[in-house]
Amino acid sequence: MAERNLALLSVVTPMLDEEGTARTFYERVRAALDGLEWELVVVDDGSTDATPQILVELAEADPRLKLLTLSRNFGHQTAITAGLDHARGDAVVMIDADLQDPPELIPSMVEHWRAGSDVVYATRTAREGETPFKLATARWFYRLMGKLSDVPLQQDAGDFRLMDRVALDALLAMRERNRYIRGMTAWVGFTQTALPYRRDARHAGETKYPLRKMVRFALDAIASFSNIPLQLATLAGFACAALAFLAIPVAIVFRLAGEFVPGVTTTVIAVLLLGGIQLMAIGVIGEYVGRIYDEVKRRPLYVVRDRVNVVAAEDERERTPAW
Ligand code: UDP
Ligand code: MG
């Protein structure tokens, strides 16, 4: 295959309250991409600190920095989507702003792309500066996702990846609201290559993923890539029904043998057990129904308040098709 020619590389970054990192991040990207034609699309996801001012200042000094300000906090995955919608490159990299993902890795990603790979995702061989809790939950999460998901997902890969324009357009055609981007990039297929790297500690500030958001993220991921929880509810139902059927002859035998089953305790246990399982099953169904409701409302994924150095993606609105 002939080497691909890179006319423009887009780097897309979501930022929420990254005043301690924004400037350093920009400097490191600029240094790392020296010699390439590039644009840096930064999405300000409703920051309430000095991040917007810093970004406006940087964008006014360098037209390669495209700034998109959302009207409020829409969340990491949606902010990335907003950036991807506005990226114009032949190849597009998504990267976190906190410098946990080193921008210096981007040129090697580009090399893999030139050699014909459509999706180059960075896998973490080590993660610095994370709490044991985060490491453990992340490991369980990826293992569980691996078992549940309908498409093979990559282990230990975050959102840090490069995508070819064709693969990206396939990704952007998916306008679902519950977005699990790393799963969606696996779903589109094409040639995927892993690129191992060490994940650094956060440059400054704190994680923007408190436990609440992590749980939400995990539930979104599972619900958008697996229907197995729904099937588990059915299985639990069958298991209970089977138990009940087994219990009937047992009770009859006891009755005929003249042994009275006092009954109260067993009844209470059975009621609680069944009630619990039913509530759980309803809860699981509720998670899916809630997401269906979210999807059918067909709201736009995000609202842009301001743009610097960037024109509106021509189809920002049309990209959420009417039914
Ligand atoms: N982020 C965002 N909106 C959010 C949460 C996070 O744009 O609601 C950005 C954040 O600024 C960072 C990236 O998403 O650039 C990843 O977040 P973070 O580093 O806090 O997550 P972690 O690495 O701890 O999982
Ligand atoms: Mg981080």
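Note that ligands are numbered from 1 as they come in the structure, with each ligand's atoms numbered from 1 the same way.
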With a 4.5 Å limit on heavy-atom distance, are the side chains of Pro229 and Ile222 in contact?
-> yes
Assess Arg72 against Phe74: is NZ or CZ under 6.0 Å from the centre of the six-membered ring, and within 45 degrees of the ring's axis?
-> yes
Per-residue contact class, Leu16 against ligand 1 - non-hydrogen pairs under 4.0 Å = both
At their closest point, which heavy atom of Phe141 faces which heavy atom of Ala221, and how far apart are they?
-> CZ-CB, 3.6 Å
Ligand 1 and Ala97, any nitrogen or oxygen pair closer than 3.5 angstrom?
-> yes
Regarding Asp159 and Gln77, is there a side-chain donor-to-acceptor distance under 3.5 Å anywhere?
-> yes
For Gly75, the ligand 1 atoms with a heavy-atom partner under 4.0 Å come out as 3 (N), 8 (O)
Could you tell me which atoms of ligand 1, counted from 1 in the order shown, lie closer than 4.0 angstrom to a heavy atom of Lys213?
-> 4 (C), 5 (C), 8 (O)
Could you tell me the residue and atom name of the protein heavy atom closest to atom 23 (O) of ligand 1, and the distance to it rounded to 0.1 Å?
-> Gln100 OE1, 2.6 Å
List the closest protein heavy-atom neighbour of atom 19 (O) of ligand 1: residue, atom name, distance to the nearest 0.1 Å.
-> Asp98 OD2, 2.5 Å
Given that the side chain starts at C-beta and the backbone is N, CA, C, O, which of these parts of Asn73 lies under 4.0 Å from ligand 1, counting heavy atoms, or is it both or neither?
-> side chain
At the 4.0 Å heavy-atom cut-off, does Lys134 count as touching ligand 1?
-> yes
Looking only at heavy atoms, the pair that brings Asp90 and Trp113 closest together is O-CZ2, 4.0 Å
re atom 21 (O) of ligand 1, the protein heavy-atom contact at minimum distance is Tyr209 CD1, 3.3 Å
Nearest protein heavy atom with distance in Å, relative to atom 18 (P) of ligand 1 | Arg202 NH2, 3.5 Å
For atom 20 (O) of ligand 1, which protein heavy atom lies nearest, and how many Å away is it?
-> Lys208 N, 2.4 Å
Would Lys213 count as a cation-pi partner of Phe217, with NZ or CZ less than 6.0 Å from the six-membered ring centre and within 45° of the ring normal?
-> no
For atom 24 (O) of ligand 1, find the nearest protein heavy atom and state the residue, atom name and distance (0.1 Å precision).
-> Thr207 OG1, 2.5 Å
Rounded to the nearest 0.5 Å, the CG atom of Asp45 sits from the OG1 atom of Thr13 at a distance of 12.5 Å
Around Glu104, counting heavy atoms of other residues, nucleotides and ligands shown, do more than 12 lie under 6.0 Å from its CD?
-> yes
Any side-chain donor near an acceptor of the partner, Tyr26 and Arg64, under 3.5 Å = no
Look at atom 14 (O) of ligand 1 and say which protein heavy atom is nearest, naming residue and atom and giving the distance to 0.1 Å.
-> His76 CD2, 3.1 Å
Heavy-atom distances under 4.0 Å are what count here, so tell me which part of Glu18 touches ligand 1: side chain, backbone, both or neither.
-> side chain
For residues Ala22 and Ile54, report the shortest heavy-atom separation together with the two atoms involved.
-> CB-CG2, 4.1 Å
Protein N/O/S atoms closer than 2.8 Å to the Mg ion (ligand 2), ordered by chain and number, come to Asp98 OD2, Gln100 OE1
Which of Thr193, Thr123, Thr185 passes side chain to side chain donor-acceptor pair (under 3.5 Å) with Arg161? Answer is Thr185
of all protein heavy atoms, closest to atom 7 (O) of ligand 1 is Pro14 CB, 3.3 Å
Check whether Leu16 and Met94 end up in the same hydrophobic cluster, where Ile, Leu, Val, Met, Phe, Trp and Tyr are linked by side-chain heavy atoms less than 4.5 Å apart.
-> no
Closest non-hydrogen atom pair between Val92 and Arg165, with its separation | CG2-NH2, 4.1 Å
